[in-house]
Every structure is written in structure tokens, then in C-alpha cells.
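Working notes, structure below.
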Amino acid sequence: MERLCDLRADRLLILCSSCERRGSYRIDRLRQRFGAHASVLDVYLALTQTCRFQREVGSRTPNVYGMMCRAKLDTTGGPTMAGLPSKT
């Protein structure tokens, strides 16, 4: 799951526990916006860049009391299996 074209789901969910923001994005629209072969990491960084706790990639992490962006990716929907699984 490195590129948008590898995702087999309907939606991409982003949840951040630090700022309590969340978003649900249709993957087909993300493919139109960023391109089908866009990296999931690039899409993640573009969608979370407005988080006030976001830090640059490779920058020093905050101390114990500092806040940082804790946004997580998840997918929902997608192809489902119909019927019972095959035993062959």
C-alpha cells in the first residue's frame, strides 16, 4: 500500500488524536486530485499540513510535554467477498 492505485477501498480516513480532527476522503477523488500513482505518504502530508502540531519530516521530535501530530490513516469500504470462501 504505497500508492493510491494500490488501495482497494472506497474511502481514506484520517484521524488525529492531538487536535481531534478527522476527515473522510473518497479515494477516486484523491486519485483525480493527486494522480493514481501518488504516494500515500505524500497524500497524507498534504492532507495533514494544516495540523498545528505537524512537524517537518526528519525534524527533531518534541520533548515529553510537547505535542505532535498523531494522525493515523485507515480505509473503509471496498470489495467484499460474496458467499463462502473456497476450500480449493
Next on the checklist: As a test of understanding, state which of R3, E2, R8 forms a side chain to side chain contact (heavy atoms under 4.5 Å, CB included) with C5.
Outcome noted: R3
Checklist entry - Mind checking what makes side chain to side chain donor-acceptor pair (under 3.5 Å) contact with S24, not counting sequence neighbours? => result R11
Next on the checklist: Test of understanding: with side chain to side chain donor-acceptor pair (under 3.5 Å), list the residues that count as partners of D42, not counting sequence neighbours.
Outcome noted: none
Next on the checklist: How close do T75 and A9 get, counting heavy atoms only, and between which atoms?
Outcome noted: CB-CB, 3.6 Å
Next on the checklist: Do L30 and L12 make a side-chain contact, defined as non-hydrogen atoms from C-beta onward lying under 4.5 Å apart?
Outcome noted: yes
Checklist outcome for this item: When rounded to the nearest 0.5 Å, the distance separating CG of L7 from CG of D28 is 11.5 Å
Item to check | Set of residues satisfying salt bridge (Lys or Arg N to Asp or Glu O under 4.0 Å) with respect to R33, sequence neighbours excluded | outcome: none
Checklist entry - Just how far is it from atom CZ of R22 to atom CG of L15, taken to the nearest 0.5 Å? => result 7.5 Å
Next on the checklist: If the condition is side chain to side chain contact (heavy atoms under 4.5 Å, CB included), which residues does A38 pass it with, not counting sequence neighbours?
Outcome noted: L4, F34, V43
Checklist entry - Hey, any chance V40 and L13 share a hydrophobic cluster, counting ILVMFWY side chains that come within less than 4.5 Å of each other, even indirectly? => result no
Checklist entry - Do the non-hydrogen side-chain atoms of T48 and I14 ever get within less than 4.5 Å of each other? => result yes
